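Please read these numbers as outputs of a predicted model, since none were measured by experiment.
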Amino acid sequence: KLMHVGEVMRQGAELPICASGTPLLEVLRVMSDTPGRPGAALIVDADGRLAGIFTDGDLRRTLAQIDDIKAARIADIMTRSPSTIGPDKLAVEAVQIMEERKVNQLLVVGDEGRLVGALNMHDLFRAKESGTRIGIMKHGKLVAQHGTEEFGHADLERVYLEHMRD
């Protein structure tokens with residue numbers, strides 16, 4: 001059985017969730033205090049729908065552009081429309097999306113765009129190391145899965161390293 005995103009995603013207390021009206025300094029505290037220090041804050045509206053993401057990279061760009069960091073509101077500086085995937089999708093599809101979009105994290109959304117989790121390359125590494133069947137896709141088709149000669153840790157590592165260079 002191949003692994004689905006919902007089985008390997010981070011959820012609950014592992015998610016650095018902030019409301020869209022949160023001041024930037026509070027968002028930074030949440031990012032730092034979240035277990036695993038994911039390097040991003042996930043921004044939701046009042047109904048729990050995904051509104052955006054704020055990453056370490058966004059922070060660097062923001063610091064170079066604004067004068068009063070204490071007055072900054074996350075809704076004004078977050079990245080809107082981040083890359084997403086559904087919890088019922090195969091983990092291999094997540095790898096493919098990350099590779100195509102050159103990102104190392106996907107936000108997992110359920111019904112009506114509500115945030116239900118997050119998935120990054122490290123989550124996939126952990127799943128792979130535990131013997132989980134993830135798989136490799138080429139041209140939109142599953143061509144190999146864990147346990148075959150074609151698939152190995154090097155495949156995931158290659159994808160991850162390509163994204164870290166960008």
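Within the 4.5 Å cutoff, no side-chain heavy atoms of T34 are placed close to those of L15. Side-chain contact between T79 and F54 is absent, with no heavy atoms from C-beta onward closer than 4.5 Å. With a 4.5 Å cut-off on side-chain heavy atoms, N120 and D123 count as touching. Between I53 and T55, some side-chain heavy-atom pair lies under the 4.5 Å cut-off. Using a 4.5 Å heavy-atom cutoff, the side chains of M9 and I85 are not in contact. Using a 4.5 Å cut-off on side-chain heavy atoms (C-beta onward), I77 and R61 make no contact. By the 4.5 Å heavy-atom criterion applied to side chains, L115 and R49 are not counted as neighbours. Between E112 and D47, the closest side-chain pair of non-hydrogen atoms is not below 4.5 Å.
The CD atom of E7 sits 11.5 Å away from atom CG of L119, with the distance rounded to the nearest 0.5 Å. A distance of 5.5 Å separates CG in L25 from CD1 in I69, rounded to the nearest 0.5 Å. The NZ atom of K102 sits 12.5 Å away from atom CG of N104, with the distance rounded to the nearest 0.5 Å. How far CD of Q96 is from CZ of R101: 10.0 Å, rounded to the nearest 0.5 Å.
In summary, the side chains of Q105 and R10 do present a donor paired with an acceptor at a separation below 3.5 Å, with no hydrogens or angles considered.
Of the possible polar contacts, none joining the R80 side chain to the G52 backbone as a donor-acceptor pair under 3.5 Å is found. Judged by distance alone, the side chain of E100 and the main-chain N or O of I97 form no donor-acceptor pair under 3.5 Å. Between the E93 side chain and the L90 main chain, a donor and an acceptor come within less than 3.5 Å of each other. Looking at T62, its side chain does come within 3.5 Å of a backbone N or O of D58 through a donor-acceptor pair. Between the S32 side chain and the R29 main chain, no donor and acceptor come within less than 3.5 Å of each other. A donor-acceptor pair under 3.5 Å is absent between the side-chain atoms of R73 and the main chain of L24, judged by distance alone.
M31 and L42 are members of different hydrophobic clusters when ILVMFWY side chains are connected at heavy-atom separations under 4.5 Å. Taken together through direct or relayed side-chain contacts under 4.5 Å among Ile, Leu, Val, Met, Phe, Trp and Tyr, M98 and L107 form parts of separate hydrophobic clusters. V116 and L50 sit in two unconnected hydrophobic clusters of ILVMFWY residues. Membership requires side-chain heavy atoms under 4.5 Å apart, directly or through other members. Clustering ILVMFWY residues whenever any of their side-chain heavy atoms sit less than 4.5 angstrom apart, transitively, puts I43 in the very cluster that holds L28. Side-chain heavy atoms closer than 4.5 Å link hydrophobic residues (I, L, V, M, F, W, Y) into clusters, and following such links, possibly through other members, connects V95 to M3.
Considering all non-hydrogen atoms of both residues, P35 and A13 come closest at CD-O, 3.4 Å. Listed here is the closest heavy atom pair of I74 and S20: CG2-O, 3.3 Å. Taking all atoms of both residues into account, the shortest heavy-atom contact from G86 to V108 is C-CG1, 3.9 Å. When every heavy atom of A40 is checked against every heavy atom of P16, the shortest pair comes out as O-CG, 2.9 Å. Nearest approach of P87 to G110, heavy atoms of both residues: CD-CA, 4.5 Å.
Within 6.0 Å of the CG atom in D88, the count of heavy atoms belonging to other residues, nucleotides or ligands exceeds 12.
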